[in-house]
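One structure is given here, and the rest of the page talks about it.
Start at 1 and go down the list; that is how both ligands and their atoms are numbered.
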Amino acid sequence: MTARLLDGTALSARLRQEMSPRIDVLSRRGKPPGLAVVLVGDDPASQIYVRNKVKACADVGIRSELHRMSSTTSEAALLDVIARLNCDRTVNGILVQMPLPPQIDPARVIEAIAIEKDVDGFHMLSAGALMTGRIDGGVGFRPCTPYGVMRMLDDAAVPIAGAHAVVIGRSNTVGKPMALMLLARHATVTICHSATRGLADLVRQADIVVAAVGRASTVTADMVKPQAAVVDVGMNRDAAGKLVGDVDFSAVREVAGWISPVPGGVGPMTIAMLLDNTVLSAERAAAPP
Ligand code: NAP
């Protein structure tokens, strides 16, 4: 039987609709949510990502502002912009598009963003809040990509508690927070990376596989347990320049129970979660003390 599709395009459209009353309430109170996007340099992929994010804001009624800076911008100049945005009460979220030019330390930039506005969820304090379960208590934000994966799994009613989840990739932005989110939902989690021995055997044991590597065909059909849920975070270009994930989609869909496509899977969910975090930030800022 062919796997059910984890359709990120359809789910993100639904989630954006559900956000609309929350945005209306904030706007009626004179506190519409606002996102500031900072783009340093002219990396073509970054320009597309930023354009998509700004457009997504406009579609749901979130005010956005784009701050473009040249590729020769100094770290101090970027930190000045962030300091200004931190104090701007009309800005609820600050997103600095990565990667940054080599003269700028990304960690220093991320840590300069006020935790209340860290809608990407990359700040050390957001990471700590995720680890200690404090986010729902109002501290920090969930990183958008793994958060989007969790929402996809929940929407499809994929059982998580007690499941064995194998996360391939251990980056701070995807793999590690993904593993923590699955753990918080009582999955038994295995994290794999480039030094993992016997990757195929580990993946074969998984009820849930999340591939976040950046290498096409990392997960092939012979590695997947029948009826497993397979989520593909990867974004790669094949020889013809077509966007593909880390999973061998056409073969794996014949084995898996659920599978997310690339494009149309995790990508649109990541943007939806950025909007969701921005609305959450505005709600927190508008709430009485
Ligand atoms: P990253 O920082 O490069 O991390 C990749 C991870 O994969 C690393 O932990 C690396 O291990 C591991 N890895 C590399 N080769 C491996 C192998 N042969 N076997 C097992 N693990 C291996 O990348 P990232 O930022 O996490 O992103 C991962 C992918 O997701 C990329 O394709 C990226 O474009 C995509 N992405 C998509 C979205 C979206 O919205 N759809 C968002 C973010 C990222 P080591 O730690 O040992 O090096």
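Checking side-chain atoms of Asp248 against main-chain N and O of Ser217 turns up no donor-acceptor pair under 3.5 Å. No donor-acceptor pair under 3.5 Å is formed between the side chain of Glu116 and the backbone N or O of Ala285.
Of the protein's non-hydrogen atoms, Ser171 CB, 3.4 Å is the one closest to atom 2 (O) of ligand 1. Among protein heavy atoms, the minimum distance from atom 35 (C) of ligand 1 is reached at Val233 O, 3.4 Å. Nearest protein heavy-atom neighbour of atom 33 (C) of ligand 1: Met235 N, 4.3 Å. Nearest to atom 8 (C) of ligand 1 among the protein's heavy atoms is Arg170 N, 4.0 Å. Residue, atom and distance of the protein heavy atom nearest to atom 10 (C) of ligand 1 are Ser194 N, 4.2 Å. Summary of contacts: the protein heavy atom closest to atom 29 (C) of ligand 1 is Gly214 N, 3.7 Å. When only non-hydrogen protein atoms are considered, atom 19 (N) of ligand 1 lies nearest to His193 O, 3.9 Å.
Salt bridge present: Arg22 and Asp276 bring a charged side-chain N and a carboxylate O closer than 4.0 Å.
Using 4.0 Å as the threshold, Val213 has a heavy atom nearer than that to some atom of ligand 1. Using a 4.0 Å cutoff on heavy atoms, Gly267 counts as a contact of ligand 1.
The shortest non-hydrogen separation linking Ala221 to Val252 is N-CG2, 3.6 Å. Across all their heavy atoms, Asn92 and Pro32 have their closest contact at OD1-O, 3.8 Å.
Leu85 is not listed as a side-chain neighbour of Lys117, based on a closest heavy-atom distance of 4.5 Å or more.
Among the atoms of Asp246, none of the N or O lies under 3.5 angstrom from an N or O of ligand 1.
Residue-ligand proximity, Thr145 to ligand 1, at heavy-atom distances under 4.0 Å covers atoms 40 (O), 42 (C), 43 (C). Ligand 1 places these atoms under 4.0 Å from at least one heavy atom of Gly169: 6 (C), 7 (O), 9 (O). Residue contact check: Thr270 has heavy atoms under 4.0 Å from atoms 39 (C), 40 (O) of ligand 1. The distance from ligand 1 to the heavy atoms of Ile168 drops below 4.0 Å at these ligand atoms: 20 (C), 21 (N).
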- Evaluate side-chain contact (heavy atoms from CB on, under 4.5 Å) for Thr2 paired with Glu254, printing each intermediate quantity in order. CA-CA 5 Å; Thr2 307; Glu254 301 303 328; 3.6 Å; yes
- Message: Pair Thr218, Leu199 - check side-chain contact (heavy atoms from CB on, under 4.5 Å), show working.
- Response: CA-CA 10 Å; Thr218 297; Leu199 179 71; 4.2 Å; yes
- Would you please test Thr145 and Val266 for side-chain contact (heavy atoms from CB on, under 4.5 Å) and show each step? CA-CA 7 Å; Thr145 299; Val266 177; 3.7 Å; yes
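Distance check, rounded to the nearest 0.5 Å: CZ of Arg16 to CG of Leu11 gives 10.5 Å.
The option from Ile271, Thr173, Leu274, Thr218 that lies nearest to atom 25 (O) of ligand 1, judged by heavy atoms, is Thr173. Residue Val174 holds the heavy atom nearest to atom 44 (C) of ligand 1 of all those in Val266, Val174, Val167.
Hydrophobic clustering of Ile, Leu, Val, Met, Phe, Trp and Tyr side chains at less than 4.5 Å, counting indirect connections, keeps Leu275 apart from Phe122.
Using a 4.0 Å cut-off between heavy atoms, Met269 makes no contact with ligand 1 at all.
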